[in-house]
Every structure is written in C-alpha cells, then in structure tokens.
Amino acid sequence: MRFSKLFGKTLRQAPAGAESISHRLLLRSGMIAQIAAGIYSYLPLGWRVLRKIESIIREEIDKAGGQELMLPVLQPFELWQQSGRDVSFGQSLFTLTDRKEHKLVLGPTHEEVITELAHRYVQSYRDLPLLLYQIQTKFRDEPRPRGGLLRVREFIMKDLYSFDVDEAGLDESYEKMSQTYKNIYARLGLPALIVEADSGAIGGKESHEFMVITETGEDEVIYCSNCGYAANAEKAQSAKARIEDVIASRSPEQSEGAAKQFLPLEEIATPRCKTIEEVASFLGVSTNQTFKAVFYSADGEFVFVVIRGDLEVNETKLRNTLKCSELRLATEGEVSEAGIVAGFASPIGIKDVKIVADDSITLGANFIAGANKAGYHFKNANYPRDFQVDLIGDIALAHPGDNCPKCGSMLSSARGIEVGHIFKLGTFISEKMEAFFLDQEGVSKPIVMGSDGIGLGRLLAAIVEQSHDDKGIIWPLSIAPYQVYLCPLYLDNTEVAPLAENVYQELGKTGVEVLFDDRDESPGIKFNDADLLGIPLRLTLSPRTLKSQSIEVKWRAKKETQLWPLENVAAEVNRLLRKKLASQGCAQFLM
RNA sequence: CGGGGUGUGGCGCAGUGGCUAGCGCGCAUGGUUUGGGACCAUGAGGUCGGAGGUUCGAAUCCUCUCACCCCGACCA
C-alpha cells in the first residue's frame, strides 16, 4: 500500500475528549473515527487490524471444533419475551418497530436465536455436543459508552454457544474454550489473566473472565500472588477473620461452646453516634465488633441488610442472593417509611421487613448493634439468639489486604479490561426456548448450554493500551495492519526513488505486507508517522544508506538500528518475518 | 439517571455587547529545504451546535434544547 493513497490521516493532536491512551492513539493514527457516542467507523488501517484479530480467533475456534454460522441482527421481540430477558436486559436492548408495528430487537447477544435453532435441529443426544459460533455486530444501549473502543454501543463480537447432553459435557466444552481463548491471547501477544467472574442472576454455575491488567480497565480484579486465586471484585471472596469477642478471650475455658459466651443484651446510650466509626470509637471497640445496617430496594421490595461493621456490601452478591434484577440503595424516605431509625438500626425487634445477613455476623459474638431508638445501641447482640434473618450468605466485598480465601495470603487488586468471557449457562435458556433432546433412554432433557464471548474492538483497544510508548502504538507482528514500513528519504534523489520502488515491488512479491511511505515529506514526519502507526519493522532507504549499498532495518519495539545489504533485502526480510511469526505460532499472512 | 465540563474552519484552541471572527496545525499553489513533526510567499476554507428572546447591535447576555466528554449509578 502506498501511503500517498491511503485513506485516513494521522493527527498531530488527538481530538478533545479522547482520554484513554488507546482512544487517543487509535484516533491519531487514523485507525478509527467516531460518529456518535460509542459508535465508531474503522478506517482502512484499523479494519486491517480487526480482520487479522478476527482470523486468528476464527482459526483457533475452528481448530477446537467450532462451526461458524451467521445469525440475524434483527430479532423478534417475542423471542426475548420467551426467554424473559426482555426484562433482565431491560434498557440496554435497542428496540425498533417495523411498518407493521411489529417490535424488533437489535441483537445484543444471540442465545435466544441460537437456542431457537437448536430447538429445531437438535433432537437426539447423537446431535450433541455442538459448538456454534459467529463473528458479528452486536448492539447494546449502554448507559455510558466510554474509553473509545473500550465500551461502545455497537461492536463486533465473536460469540460461541456450546450444546451438551449433561454437565460433564458442558465442563468439557468449557475447558476446551478456556484453552482456546488462552491460545488466542497468546497469538495476539496479549497477557490475559483468567479470573473467576460473577455468573449473574439468571443462573449458570460458573463463569470466568479474561482480563488484561491495565490502569484504564473498568473492572477490579482481586488476586492472590501466592496461590494464583483471581476473581472479579464482583465475585471475589476473602477469608473473613473470626473476631474473638473481648470477653470470651478472657475466659478461654468457655470458648468451646459459642452459645455459652453470649452475654445478656444490654442497652447503652450512644448520643449522636450515627456511623459505625462514631459508635466504635465512642464505645472504644473496633468496627469489627459491630453490626452495620444497610437498606436497599430490590425490585421494589425494601430489604434490610446486616453485615459486620468492618465489611462492606457487595451489591452483585446481594443481587444474586436476593435473585432480583433491580437493586439500589433505599432512599431516606423509604427507610423511615419502613419504620427504621437510620443510624441506630439493627434487625433486633424489626418485624415485617426482609432481612439479609452476611455470614460475617456469625464470626464473633457479643456485637454492638443499633437499638432501633435514636441515641441508643445494644451491647452483646448475637445471632441467632437476638434476631432472625430471611437469608444469610456471603454478601461482602473483598478488599486488597484481606486474606485469600484459598491460601490465607494477602490479596491484592488491580484494574483490568475484560477481553473475554466464558460462561456455563446451564439449562436456563434451553428450558425457556424448549430446546430439548432425547437421551439414550429416550428421556427428553433440556440441552446444557454454554456461552462465550470475545469483543474484537475491545481486544484491539486493550492491545494498544498494553503495547505502546510515548510515540505511538507498537503492534504485535501477528495483527499489525502492515508488517513493514518502507521509508525512503529524499524521494527527489534520483537513486533513492527507483530503488525504493524496487524494494516495494520485491517485498510485495514475497507476500510481505508493506506500507510504502511514498510521500514527499521530511524525515521527521515519516519517522513519527511510522512510530505512531506502530508498524513492526521499518526499512529506511536514503542517500546515506546507499553509500554502502544498504538499507536500515529497525524494529518498532527496539531502539537500535542495523544496516542490511540492499541486495536480496526482500528475501531476507521475508525470512525474518516468517521466522518471527512462526515463533509466535502464527504463519498466517493476510494478503 | 445524579454531579462536573465542553460545543467557534478538517484537528487543537483564543475571542465577556461594538468595525470584515482570530491563531497554531493541517489543506492548495510556487519556491528553498529536509536523518526525528523545516522555512518563505500566496491562497481556499467558518449560518460561532440548534431554536427562541433581550438589544440600535449578540460567538459574547437570558430561556429552552441538542450533542459530546469525564466521574458516579448501571453494565445477562
């Protein structure tokens, strides 16, 4: 490709509003252009990168036995009503109405459509297992698009659906996809960390996300560098320390029976102490000796949440525990309407309110709790002696510094970009969509499904976030828009121009992808553009190199340059690139 | 949806009631240059996001509205 003919311009300054590194660099290098919030065009360079990413994904999935197909973007709204996800997806669904006043959905994902297909074509256990996938545009009306390609409303995604006869089959498909994803990231030169993820309210027993650790990531990953435990903060657990009650510790001989340690409930005045910190410091205890009360509205129902004072509520876990879809903090009005004295509340004596507790309330004894009366708290509150709860489980947020749930070491946290998600769906959707098969005994069973996704644009952005310097992008060879940046200087020189042209032609013949900077620009502009575009290998030809009948060779990622003989340079470069690609497990050339 | 911010040539910005709306980059033409974003000359390009209002006069003041960005909420 001749640079002079290339559509798209490099920009010296990034458009205002582009803040993340990938957004700035992709705009400046002319790879993408924004048309509206969260909606982008791919220009020729960016599109070449995307297509290379796509073909790597396709190759790896095909290798794992996936069959590619193409599902429609336009989907009948009824299909979504059937699965019930018209509600759970809610506002994020793009909907439209056709001329017959028929409601349609712009597909944000394709479980419904694919399961409808499975319903039609899968009748027997002999038809299973199946791995079906597509690479196609998805639409989600995100509340807030951000970060350039990192979070958008229209995006290209590889979505794969697995169909198995049972959980064991699902586990196998899941493991296969997990390995396939690892292969894909390896070929993309992207260090992706696999972490445990929340599987949402619609069931599904297991889910993992692949994260690229970087500052601009939207997700928080909690991990243990000792044993390798890693999870999305939404899902992460931590070992909650048992708090030995002060009094109990004075009488170790009683410690065998927890109930024996329970001291009588006692009301104490705590004037003006509304927060946990105020109460704890007023009474001279640490926050982990207290109960904290937090109030939510879950699908419209008022919920009283109790958790130990040193911990915080993880709303994702709470949502899953409650099996609700809409969850928000209750308003002051709703709290007082429920007859609760904010700041002095506890479940003790509270009636007709749904109470959810974190299991931390059992890890200790004789806590401080609200007396449900302004200005007073209880001493020696104990569960279940003093109150009952409707639900109890782990609903606490894990923090860096907490202990690892697996090995007890200290947990750390980092920010990450989610570049892939594998998900054991189970039978939730197949039951709703009536995708059943007959097993060997002739018994009708729902197909056990999995669903795995990779957002290609986000992947591209994550690679830039992860591989750049202050000059620009540094593309891995496997996905660079071009492999070689041929950079002749002084094109008006009678020797340089024809030799450069010749090298360009020869490289092309060997199948090397070349961006030929045939523009009459100064060296500074050419070098800076080469760096900005991030083409892996730069070949510079100038009167200076011609003095020794040579050409300068430089890797984008490295500082040093070397001079190669001009003779046979095309064959040598071709050999070098193929060797490098092969060492990365990728011998694919995009012609 | 809550909080904050920005809309002025392709991009970045200046311009707080008064002449024909400026500057840098980019673009076009000609010339001199050029190993890390050169220089000179000439030139093209703008209903100042939109609507309404105040005023002799509005990019500038007022009202409404739209778009975009950031933080939060949200994100099977």
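In the text below, chain A, chain B and the rest are named by the order of the sequence lines, each starting its count at 1.
Asp219(A) comes within 4.0 angstrom of no nucleic acid atom, judged by non-hydrogen atoms across all strands. Among the atoms of the strands shown, none is found under 4.0 Å from any heavy atom of Ser207(A). Residue-level contact check: Gly147(A) touches the backbone only, with heavy atoms under 4.0 Å from sugar-phosphate atoms and none from bases. Residue Lys471(A) is classed as a base contact, given a heavy-atom separation below 4.0 Å to a base. Residue Arg328(A) is classed as having no contact, given no heavy-atom separation below 4.0 Å to the nucleic acid. Note on Ser542(A): a base of the nucleic acid sits closer than 4.0 angstrom, heavy atoms only. Residue Glu418(A) is out of contact with every strand shown, counting any heavy-atom pair closer than 4.0 Å. As judged by a 4.0 angstrom heavy-atom cut-off over every strand, Gln91(A) is placed among residues making no nucleic acid contact.
The nucleotide G22(B) finds its pairing partner in C13(B), both defining distances of the Watson-Crick or G-U wobble pair being shorter than 3.5 Å. Judged by Watson-Crick or G-U wobble contacts below 3.5 Å, the nucleotide C27(B) has G43(B) as its partner. The partner of C75(B) is absent, by the rule that a Watson-Crick or G-U pair needs both atom distances under 3.5 Å. Here A38(B) sits opposite U32(B) as a Watson-Crick or G-U wobble pair (both hydrogen-bonding atom distances under 3.5 Å). With a 3.5 Å ceiling on both atom-pair distances, U55(B) lacks any Watson-Crick or G-U wobble partner. Remark: C64(B) base-pairs with G50(B). Criterion, Watson-Crick or G-U wobble with two distances under 3.5 Å.
Side-chain proximity of Ala37(A) to the nucleotides C75(B), A76(B), C69(B) is greatest for C69(B). Checking A76(B), U34(B), C68(B) against every side-chain atom of Arg140(A), the shortest atom distance belongs to A76(B). Residue Ile525(A) has its side chain nearest to A38(B) when only A76(B), A38(B), C70(B) are considered. Residue Glu521(A) places its side chain closer to C27(B) than to any other of C27(B), G37(B), G36(B). The nucleotide whose nearest atom lies closest to any side-chain atom of Arg85(A) is, among A73(B), G35(B), A76(B), A76(B). Of all nucleotides listed (G36(B), C27(B), U34(B)), C27(B) comes nearest to the side chain of Lys9(A). In this structure, of A76(B), C69(B), C74(B), it is C74(B) that holds the atom nearest to the side chain of Glu315(A). Checked against G72(B), U34(B), A76(B), the side chain of Arg146(A) finds its nearest nucleotide in G72(B).
A14(B) and G37(B) are spaced 26 Å apart, taking the P atom of each and rounding to whole Å. Distance noted for atom C1' between A59(B) and C19(B): 16 Å (whole Å). For the P atoms, the distance from C62(B) to U55(B) is 16 Å, rounded to whole Å. The separation of A41(B) from G46(B), taken at their C1' atoms, amounts to 24 Å, rounded to a whole angstrom. When the C1' atom is used for both C23(B) and G9(B), the distance is 12 Å, rounded to whole Å. Rounded to whole Å, the P atom of C64(B) lies 14 Å from the corresponding atom of G3(B). Across A58(B) and U16(B), the matching C1' atoms stand 11 Å from one another, rounded to whole Å. The gap from the P atom of G2(B) to that of A21(B) amounts to 39 Å, rounded to the nearest Å.
Using a 4.0 Å cut-off, some side-chain N or O of Arg12(A) falls inside it from OP1 or OP2 of G26(B).
Atoms NE2 (His110(A)) and C1' (A76(B)) sit 14 Å apart, rounded to a whole Å. Atom CD1 in Ile39(A) sits roughly 15 Å away from atom C1' in C69(B) (whole-Å rounding). The interatomic distance linking Asn528(A) (CG) with G35(B) (P) rounds to 14 Å, in whole Å. Ile35(A) has its CD1 atom 12 Å from the P atom of C69(B), to the nearest Å. Between the OH atom of Tyr485(A) and the P atom of G35(B) there is a distance of 16 Å, rounded to whole Å.
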Can you check nucleotides 8-12 of chain B for protein contacts, nitrogen or oxygen pairs under 3.5 Å, and list what you find?
unit_1 : atom_1 : unit_2   : atom_2 : d
C11(B) : O2'    : Gln13(A) : O      : 3.2
G12(B) : OP1    : Ala16(A) : N      : 2.5
G12(B) : O2'    : Gln13(A) : NE2    : 3.1

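Under the 6.0 Å distance and 45° angle rule, Arg2(A) does not count as a cation-pi partner of Tyr504(A). Geometrically, Arg48(A) engages Tyr482(A) in a cation-pi contact defined by less than 6.0 Å to the ring centre and at most 45° from the axis.
With hydrogens and angles left out, the side-chain atoms of Ser173(A) and Asp164(A) include a donor and acceptor closer than 3.5 Å. Between the side chains of Trp80(A) and Glu112(A), no donor N or O sits under 3.5 Å from an acceptor N or O. In this structure, a donor-acceptor pair under 3.5 Å is absent between the side chains of Glu552(A) and Thr545(A). No hydrogens or angles considered: a donor-acceptor pair under 3.5 Å links the side chains of Gln134(A) and Asp159(A).
In summary, of the residues considered (Thr540(A), Leu566(A), Val573(A), Leu499(A)), a side chain to side chain contact (heavy atoms under 4.5 Å, CB included) with Ile551(A) occurs for Leu566(A) alone.
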Inset, instruction - Show your reasoning for whether ring pair (Phe, Tyr, Trp, His ring centres under 6.0 Å) applies to Phe3(A) and Phe516(A). - result: CA-CA 6 Å; Phe3(A) 204 139; Phe516(A) 179 27; over 10 Å; no

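Between the side chain of Lys526(A) and the main chain of Ala530(A), no donor-acceptor pair closer than 3.5 Å is present.
Checked against side chain to side chain donor-acceptor pair (under 3.5 Å), Ser451(A) has the following partners two or more places apart in sequence or in another chain: Glu111(A).
Heavy-atom nearest nucleotides on RNA chain B were determined for Arg544(A) and for His23(A), and the one closer to the 5' end corresponds to Arg544(A). Map Ser20(A) and Leu491(A) each onto its nearest nucleotide of RNA chain B; the residue landing nearer the 5' end is Leu491(A).
The base of G35(B) sits with one of its N or O atoms less than 3.5 Å from a complementary donor or acceptor on the side chain of Glu552(A).
Between Val113(A) and Pro72(A), some side-chain heavy-atom pair lies under the 4.5 Å cut-off.
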